[in-house]
Number of protein chains: 2
Amino acid sequence: MRYSKQREAILRVVNASNVHPTAEMVYREVKKEIPNISLGTVYRNLNALADASQIKRISIPKDVDHFDHRHVEHYHFCCTKCHQLYDLPGSTIHQLIHRLEQEESVRITDYEVLFYGICQKCQKGKEENYGIKRK
Amino acid sequence: MRYSKQREAILRVVNASNVHPTAEMVYREVKKEIPNISLGTVYRNLNALADASQIKRISIPKDVDHFDHRHVEHYHFCCTKCHQLYDLPGSTIHQLIHRLEQEESVRITDYEVLFYGICQKCQKGKEENYGIKRK
DNA sequence: TAATTAGTAGTAATCATTACTACTTATTAT
DNA sequence: ATAATAAGTAGTAATGATTACTACTAATTA
């Protein structure tokens, strides 16, 4: 993979973000720096970066793909009320992976743990929707 | 939700399947019984059944949605070689959920645990692709 | 048994994502 | 360095899974 300022900017934006951005969100952000960047370029590079394990693609039912700079191990939490995607800390999964590899004879190379529920803010009745539409 | 023979057949097909069928697969199967059923009807009912927690929608990056009759608690395993989706047994997650609810002040109502790796068959070099195309 | 209204078939539309094409730019071999 | 080469890009068209729409059908109810 050869260098390009577009990919560098895209990776920088994903790394700097704390909201698990969608391709569209990354596009809008990178546009500030490279105004004529193409949405296709953003998609192509997000996929390339995910394939190279530099970032992580998160697939959520009834939602567009999100991307995450997975620097520390964690799980994801999707609030079913405001549809905001949060991080949850955790590393419990490793023992589980080890056991499953032994018992099920599979080789596990990656994982995604996604919880659904009501986030703290929404429990307090202070939810906002963040303009995220559900299909 | 009122009764319809279409929804009944769709639920029956999902329940009888052990391959986490896609909407298209359910459609092809139900068509044997109700030849003029519409693909839109299958989608609508799969969504309705998922919303009613009778089945579960599984979202996988770069793949179409799959559906699962979640009768016993388990995790999912997606082989990165043959792209087949398998079940992995497990119930370890409950302690984790309880701890996260306490520590993070969220209310968790559902979860999805998806592992990636190489399945037993593919480790033995006997993989098939099952005609599943990656975009 | 008629009235109501959810459900359906069939088709058109949507929209996130990918593919394509001509052009540009990073890397390489002379 | 500089030309060759091949990966990357912008812009736009195409794709394809999913949803929306419309006129019709059938399950529930009063």
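Atoms considered below: every heavy atom in the structure, side chains included; atoms not considered: hydrogens, waters and symmetry mates. As the structure is a computational prediction, the values presented were derived from the model and not from experiment. Chain naming here is simple, since letters A, B, ... match the order of the sequence lines and numbering starts at 1 in each.
With rounding to whole Å, Leu49(A) atom CG is found 11 Å from dG8(D) atom P. Between the P atom of dC15(C) and the CG atom of Asp63(A) lies a distance of 15 Å, rounded to the nearest Å. As a whole-Å value, the separation of Tyr27(A) OH from dC15(C) C1' is 15 Å. Atom CZ of Arg7(A) is separated from atom C1' of dA7(D) by 9 Å (rounded to the nearest Å). Between Lys31(B) atom NZ and dA9(C) atom C1' there is a gap of 10 Å when expressed in whole angstrom units. Per the geometry, CZ belonging to Phe67(B) stands 10 Å off C1' belonging to dT18(D), to the nearest Å. The separation between Ile34(B) atom CD1 and dG7(C) atom C1' is 12 Å, rounded to whole Å. Rounded to an integer number of Å, the gap from Met25(A) CE to dT17(C) C1' is 18 Å.
The two atoms that bring Ile34(B) and Ala9(B) nearest to each other are CD1-CB, 4.0 Å, heavy atoms only. Of all heavy-atom pairs between Gly117(A) and Thr109(B), the closest is CA-OG1, 3.5 Å.
Note on Gln6(B): every side-chain N or O is 4.0 Å or more away from OP1 and OP2 of dA26(D).
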Please list each protein N or O that sits under 3.5 Å from an N or O in nucleotides 21-27 of chain C, with the distance.
from    : atom 1 : to      : atom 2 : distance (Å)
dA26(C) : N3     : Arg2(A) : NH1    : 3.0
dT27(C) : OP1    : Tyr3(A) : N      : 3.2

Could you go over nucleotides 10-13 of chain C and give all protein N or O partners under 3.5 Å, atom names and distances?
from    : atom 1 : to       : atom 2 : distance (Å)
dG10(C) : OP2    : Asn36(B) : O      : 3.2
dG10(C) : N7     : Ser38(B) : OG     : 3.1

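Applying the side-chain hydrogen bond (donor to acceptor under 3.5 Å, both in side chains) criterion to Lys32(A), with sequence neighbours excluded, gives Glu29(A).
Tyr111(B) and His94(B) have perpendicular rings, their planes meeting at more than 60° on a 0 to 90° scale where under 30° would count as parallel. Using the six-membered ring where Trp is involved, Phe77(B) and Tyr86(B) have ring planes that are tilted, between 30° and 60° apart.
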Practice item. Show the numbers, then the answer: is there a side chain to side chain contact (heavy atoms under 4.5 Å, CB included) between His76(B) and Asp68(B)? Key: CA-CA 10 Å; His76(B) 288 122; Asp68(B) 181 19; 3.0 Å; yes

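Here the OH atom belonging to Tyr43(B) is positioned 8.0 Å from the CG atom belonging to Asp65(B), to the nearest 0.5 angstrom.
Side-chain atoms of Asp51(A) and Arg57(A), non-hydrogen and from C-beta on, do get closer than 4.5 Å to each other.
Partner of Lys56(A) under the side-chain contact (heavy atoms from CB on, under 4.5 Å) criterion, out of His20(A), His69(A), His66(A), Glu112(A): Glu112(A) alone.
Side-chain proximity of Val64(B) to dA10(D), dT17(C), dA17(D): nearest is dA17(D).
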